[in-house]
Number of protein chains: 2
Amino acid sequence: MHNSEAMALSAALLAVAGELTQRINEGVVARGFEGMRPAHGFAFTRLAPDGATVTELAAHLGVTKQAASQLVDEVVRKGYAERRPHPADARARLIVLTERGWACTRAAEEAAAEVVREWADVLGEGEVRALRDRLGRIAPYGPIRPAW
Amino acid sequence: MHNSEAMALSAALLAVAGELTQRINEGVVARGFEGMRPAHGFAFTRLAPDGATVTELAAHLGVTKQAASQLVDEVVRKGYAERRPHPADARARLIVLTERGWACTRAAEEAAAEVVREWADVLGEGEVRALRDRLGRIAPYGPIRPAW
DNA sequence: CTCCATAGTCAAGCTGCTTGACCATTTCGT
DNA sequence: ACGAAATGGTCAAGCAGCTTGACTATGGAG
């Protein structure tokens with residue numbers, strides 16, 4: 001595969017990723033969750049199962065723990081999460097989503113599903129599943145980083 | 001397709017896009033082009049064919065023309081591009097890549113090809129081509145936006 | 001020729017991130 | 001068991017990249 005083909009793939013991938021992020025965020029805001037940015041959503045996906053500490057969140061987002069703490073301040077102030085004492089470590093705090101935080105997460109899922117449905121209209125359902133499987137096989141493990 | 005499947009696809013897509021961006025940028029820096037950020041690369045892809053004006057660049061990147069002008073200042077100062085008088089409009093300036101700018105673009109292509117080759121090792125060459133084709137069919141036309 | 005739109009820049013301000021410093025608690029080495 | 005080092009978290013200051021607002025110079029429509 002030539003370099004120019006690799007660039008074409010890269011460009012398409014980044015364009016699709018950029019549009020997806022923007023569309024999800026717009027969908028979330030349109031559903032009444034104002035002032036939310038994409039980074040909040042990525043934080044929520046880490047907090048969703050059982051909560052997380054600030055340090056874990058920082059690692060997930062690929063930023064310093066100060067930046068993560070600041071982001072937590074913001075979502076706590078807006079009512080999407082709360083800080084609880086950590087059950088096993090008195091230094092740490094467990095950040096967990098509130099009911100409003102869960103509602104916002106569901107809104108993001110709906111918005112994502114809308115975009116994916118448009119892709120299915122173009123590619124067909126099976127192709128979209130194939131896309132998911134293939135991307136899943138090359139997706140890295142590390143922190144989620146902004147595309148640029 | 002359920003919402004959770006859409007989210008799985010979205011997460012994989014964004015993770016892959018984030019890693020690709022980071023790896024390309026690291027590859028560019030490792031090849032001796034220090035102080036380059038991903039945004040520079042996206043600017044270069046617009047400048048590459050025949051140059052562009054600041055306003056066109058701003059539209060391509062989805063930022064204000066002041067921000068684009070500032071970015072041009074930076075790449076001009078670093079020797080990757082230069083401002084020339086526009087052949088058809090005395091208000092405008094045509095921003096074109098220097099030889100060093102072209103070298104940097106080639107370095108980005110090599111770095112991208114390296115990452116794509118790793119994908120081919122996992123998925124196979126045919127699957128990667130299929131990925132490119134499908135992403136190309138759902139890629140939007142508008143400005144290239146940062147993933148978040 | 002007049003009037004408005006457009007290309008570009010200068011200046012000021014904001015936001016989200018970084019680095020550096022610090023305290024409280026846990027964990028490790030002996 | 002105890003002191004030292006590591007870890008979780010926050011406060012504070014600074015910075016980079018972006019925004020809005022204001023302005024000049026040129027182009028184009030009537």
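In what follows, every heavy atom counts, from backbone to side chain, and hydrogens, waters and symmetry copies are set aside. Chain identifiers are assigned alphabetically (A, B, ...) following the order of the sequence lines, protein sequences preceding nucleic acid strands; residue numbering begins at 1 within each chain.
For H86(A) and dT27(C), the NE2 to C1' distance is 15 Å, given to the nearest whole Å. One interatomic measurement links the two molecules: CD1 of I95(B) to C1' of dT9(C), which rounds to 12 Å at whole-angstrom precision. Rounded to an integer number of Å, the gap from Q70(A) CD to dC14(C) P is 16 Å. Whole-Å rounding puts the L71(A) CG to dG16(C) P distance at 9 Å. The distance between atom NZ of K65(A) and atom C1' of dA24(C), rounded to the nearest whole Å, is 12 Å.
For E56(A) (side chain) and T53(A) (main-chain N/O), a donor-acceptor pair under 3.5 Å exists by modelled atom type. Panel note: side chain S69(A), backbone K65(A); no donor-acceptor pair is recorded below 3.5 Å.
Positionally, the nearest nucleotide of DNA chain D for D89(A) lies more toward the 5' end than for the other of D89(A) and Q66(A).
If you check every strand for non-hydrogen atoms under 4.0 Å, A90(A) touches sugar and phosphate atoms only. Within the nucleic acid shown, T64(A) comes within 4.0 Å of at least one base atom, counting heavy atoms only.
Using a cut-off of 4.0 Å between Lys/Arg side-chain N and Asp/Glu carboxylate O, E74(A) and R37(A) are scored as salt-bridged. Look at E114(B) and R23(B) and you find no salt bridge, because none of the NZ, NE, NH1 or NH2 atoms lies under 4.0 Å from a carboxylate O. The pair R129(A)-E125(A) meets the salt-bridge criterion, since a charged nitrogen lies less than 4.0 angstrom from a carboxylate oxygen.
The neighbour count for R84(A) CZ, taken as heavy atoms of other residues, nucleotides or ligands under 6.0 Å away, does not exceed 12.
In 5' to 3' order, the nucleotides of DNA chain D bounding all contacts with chain B (an atom under 4.0 Å from a heavy atom) are dG17(D) to dG27(D).
Neither OP1 nor OP2 of dT27(C) sits under 4.0 Å from any side-chain N or O of R91(A). Between R83(B) and the phosphate of dA7(C), there is no side-chain N or O to OP1/OP2 separation shorter than 4.0 Å.
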